[in-house]
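Written below as structure tokens is the structure these notes are about.
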Protein chains: 2
Amino acid sequence: MPMTCRTGLHDRHDVYAAQCPCRDVLDMLANKWSALVVGALEDGPQRFGALQRRLEGVSPKVLTQTLRRLEDYGFVDRTIYPAVPLHVEYALTDLGRGVAGPLGLLRSWVESHLDEIHAVRG
Amino acid sequence: MPMTCRTGLHDRHDVYAAQCPCRDVLDMLANKWSALVVGALEDGPQRFGALQRRLEGVSPKVLTQTLRRLEDYGFVDRTIYPAVPLHVEYALTDLGRGVAGPLGLLRSWVESHLDEIHAVRG
DNA sequence: CGGTATCCTGTGCGATACTG
DNA sequence: CAGTATCGCACAGGATACCG
């Protein structure tokens with residue numbers, strides 16, 4: 001169980017350290033759709049189609065990629081209900097609910113400061 | 001001055017709307033280095049070389065790209081002090097200090113939950 | 001010191017068509 | 001319904017060398 005990022009120099013993790021696994025996590029979240037998917041799932045478990053409609057413009061391929069990645073890192077759970085037609089639900093894990101906080105703050109900061117940003121850019 | 005994202009349906013912006021400029025801002029922040037640069041500049045104005053050392057593993061080209069993009073969106077100011085050798089400083093704008101909050105929370109959430117994430121992934 | 005220039009690779013992302 | 005298959009482009013990102 002890794003406790004440090006750079007062979008005993010730190011007790012805690014450091015995203016600024018090249019070798020710290022933190023980087024992978026941050027990189028994983030740093031893409032066009034992850035923050036939006038996590039935010040959408042805060043409303044409760046969602047089906048693939050619902051997510052696709054919510055995240056306007058996302059293609060099925062990319063949505064699948066994003067969900068799989070979030071699943072790999074333990075942020076999202078995928079549950080299959082055997083039925084016809086097929087029923088699959090995506091839900092946040094505890095970890096997912098945890099990261100949803102910071103991500104939500106970021107999303108709402110952007111929304112509430114867009115006019116200001118727009119003004120600066122001309 | 002744009003107040004809505006989708007022709008009058010909302011009074012505020014919505015990152016889930018495909019056409020909302022919010023998306024651009026979120027996308028701009030969603031890359032490998034932006035959050036790290038903003039965080040590094042929270043300590044005060046920094047020179048190019050200092051940033052490069054702080055962000056372990058970043059190449060000069062990519063650091064320049066990241067800084068220019070942040071400058072374009074009004075998060076970072078670039079100041080040249082005419083001297084030999086050349087002296088250039090990067091600093092957060094008010095907007096930059098604003099977004100530094102949410103970004104910092106995200107960084108520290110990742111750092112403090114890495115062990116948990118690592119445990120889930122096996 | 002603070003970058004540019006150049007080249008290269010990977011892959012994120014998108015569109016579309018198709019399938020169990 | 002919930003994806004997969006395939007194709008293609010654009011660009012992020014990295015390595016290295018060089019310049020004012």
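Here is how names work: the chains are called A, B, and so on, in the same order as the sequence lines, proteins then strands, and each is numbered from 1.
A straight line from CD of A/Glu56 to C1' of C/dA15 spans 18 Å, rounded to a whole angstrom. Rounded to whole angstrom, the span from the CD atom of A/Gln52 across to the P atom of D/dA2 amounts to 10 Å. The separation between B/Asn31 atom CG and D/dA12 atom C1' is 8 Å, rounded to whole Å. A/Ile80 has its CD1 atom 13 Å from the C1' atom of C/dG20, to the nearest Å.
Applying the 4.0 Å criterion to OP1 and OP2 of D/dA2, one finds that A/Arg53 has every side-chain N and O outside that range. The phosphate of D/dG3 (OP1 or OP2) has a side-chain N or O of A/Tyr90 nearer than 4.0 angstrom. The side chain of B/Arg47 places an N or O atom within less than 4.0 Å of a non-bridging phosphate oxygen (OP1 or OP2) of C/dG2.
Side-chain atoms of A/Tyr73 never come within 3.5 Å of backbone atoms of B/Ile117 as a donor-acceptor pair (strictly under, hydrogens ignored).
Note on A/Lys61: a base of the nucleic acid sits closer than 4.0 angstrom, heavy atoms only.
Residue pairs meeting the side chain to side chain donor-acceptor pair (under 3.5 Å) criterion with at least one member in residues 24-39 of chain B, sequence neighbours excluded, are A/Asp27-B/Lys32, A/Lys32-B/Asp27, B/Asn31-B/Ser34.
Only one option out of B/Glu89, B/His87, B/Gln52 pairs with B/Arg47 in a side-chain hydrogen bond (donor to acceptor under 3.5 Å, both in side chains); it is B/His87.
Within a heavy-atom distance below 4.0 Å of DNA chain C, the residues of residues 62-72 of chain A found are A/Val62, A/Arg69.
Within the helix from C/dC1-D/dG20 to C/dG20-D/dC1, the inter-axis angle between the opening and closing five-pair segments is 50°, rounded to 10°.
Using a 4.0 Å cut-off between charged side-chain N and carboxylate O, B/Arg69 and B/Asp72 make no salt bridge.
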